[in-house]
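Here is the structure we will look at, set down as structure tokens.
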Number of protein chains: 2
Amino acid sequence: MLIEIDFNSEEALYLQLRNQIIMGIATMELREGDSLPSVRQLAETIGINMHTVNKAYTVLKQEGFVKVDRRRGAVIAVNLDKMKALEELKQELLVVLAKSSCKGISRQEVHVLIDELYSEYGSID
Amino acid sequence: MLIEIDFNSEEALYLQLRNQIIMGIATMELREGDSLPSVRQLAETIGINMHTVNKAYTVLKQEGFVKVDRRRGAVIAVNLDKMKALEELKQELLVVLAKSSCKGISRQEVHVLIDELYSEYGSID
DNA sequence: ACTCTGTTATAATAATTCTATAACAAAAGA
DNA sequence: TCTTTTGTTATAGAATTATTATAACAGAGT
């Protein structure tokens, strides 16, 4: 999987990494059981420090997207805690939607955008 | 408007402040033309530094939610750059929805959540 | 034996966040 | 006119976070 880091971005490197891997899982470019590169290997490929990659992997483990195996490294393994995920989603949308509402974006326009984005992810329904 | 700051939150104080004011505008608790407290006054009320409030106001100005007047202080004045807002919304939803998709939250469930949240905001449609 | 894995420890640097004082000019009110 | 209040700016210190740099360890694969 191709990972691109923007060194001029304000977003922390380990978060850019985390986000791209999550999007990789969502688009099914990464599937359950797939191994991610080792922390050292990926660090060298991207040109960043080992610990920065390790931090991204640790966050992904914490958030239930991978399991880390001593032998196989980080393996995609999504923990489906839907209730928790829904609560988090609600919290994250709270401010984002407040912003869009202020800016005159209608409910329907948000729905269209949701459909557009969700169509690129491997949702079941 | 009541503002509550969580000093144990990981979120920066100035961002908590910014977010609550945006939500105040969305819920129409704050309306076009309303003045916000002066930076010093609000800082004292909340119990934080003047510059932290000033930073929140500066960000809100930058993002087009208030205009800052030398005499009246920060005044609610939403700049309706819808195209820009839509682009930002899309960018913000990209990762948020990837996460929810991974966690097995369906498109419909997101729609329900959107409606639930939007109903609390003063959207026109 | 050798290599590769994640993990841990320590340390230095840089950037961000928050606070603390202080001062300034513009405007409002007495 | 005098005083107060406004946003704004400057400077500086403390605390936290992000990133990098070495180094070492034990477990597993070859």
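Atoms considered below: every heavy atom in the structure, side chains included; atoms not considered: hydrogens, waters and symmetry mates. This is a predicted model, so every value here is computed, not measured.
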Using whole Å, what does the distance between atom [atom2] of nucleotide [N] and atom [atom1] of [X] come to?
{"X": "I46(A)", "N": "dT19(D)", "atom1": "CD1", "atom2": "P", "result": "12 Å"}
{"X": "N49(A)", "N": "dT13(C)", "atom1": "CG", "atom2": "P", "result": "16 Å"}
{"X": "Q62(B)", "N": "dT8(D)", "atom1": "CD", "atom2": "P", "result": "13 Å"}
{"X": "K61(B)", "N": "dT8(D)", "atom1": "NZ", "atom2": "P", "result": "4 Å"}
{"X": "F7(B)", "N": "dA15(D)", "atom1": "CZ", "atom2": "P", "result": "17 Å"}
{"X": "I48(A)", "N": "dA18(D)", "atom1": "CD1", "atom2": "C1'", "result": "11 Å"}
{"X": "M50(A)", "N": "dA21(D)", "atom1": "CE", "atom2": "P", "result": "11 Å"}
{"X": "L36(B)", "N": "dT6(D)", "atom1": "CG", "atom2": "P", "result": "13 Å"}

Check: Under 4.0 Å between a side-chain N or O of S38(A) and OP1 or OP2 of dC4(C)?
Finding: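 For dC4(C), neither OP1 nor OP2 has a side-chain N or O of S38(A) closer than 4.0 Å.
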
Notebook entry, point to check: Is there a side-chain polar atom (N or O) of Y14(B) under 4.0 Å from OP1 or OP2 of dC18(C)?
Noted result: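 For dC18(C), OP1/OP2 do not have a side-chain N/O of Y14(B) under 4.0 Å.
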
Note to self: Test your reading of the model: is there a side-chain donor-acceptor pair from S101(B) to the backbone of L97(B), 3.5 Å cut-off?
What the structure shows: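 No.
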
Notebook entry, point to check: Can you find a donor-acceptor pair, distance only, under 3.5 Å between R40(B) side chain and dT21(C) base?
Noted result: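 Result: no qualifying N/O pair found.
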
Check: Taking atom types as they are modelled, is there a donor-acceptor pair under 3.5 Å from the base of dT8(C) to the side chain of H51(A)?
Finding: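 Pair found.
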
For the residue pair [X] and [Y], establish whether any side-chain heavy-atom pair is separated by less than 4.5 Å.
{"X": "L17(B)", "Y": "T52(B)", "answer": "no"}
{"X": "M23(A)", "Y": "V95(B)", "answer": "yes"}
{"X": "Y57(B)", "Y": "L42(B)", "answer": "yes"}
{"X": "L93(B)", "Y": "K90(B)", "answer": "no"}

Next item on the list: Tell me what R72(A) touches on the nucleic acid: a base, only sugar-phosphate, or nothing, going by heavy atoms under 4.0 Å.
Entry: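 It contacts nothing in the nucleic acid.
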
Next item on the list: Output the residues of residues 52-59 of chain A in contact with DNA chain D, where contact means a heavy atom of the residue under 4.0 Å from an atom of the strand; sort by number or write none.
Entry: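 Contacts with DNA chain D under 4.0 Å: T52(A), K55(A).
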
Next item on the list: Could you tell me whether K103(B) and D81(A) have a side-chain N and a carboxylate O separated by less than 4.0 Å?
Entry: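 Between D81(A) and K103(B) there is no salt bridge, as every charged N stays at least 4.0 Å from the carboxylate O atoms.
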
Checklist line | Test item: side-chain donor near acceptor, N19(A) and E11(A), under 3.5 Å | finding: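 A pair is found: one side chain offers a donor N or O, the other an acceptor, under 3.5 Å apart.
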
Check: Out of dC18(C), dG6(C), dT20(D), which has the shortest distance to the side chain of V39(A)?
Finding: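 So the nucleotide nearest the side chain must be dG6(C).
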
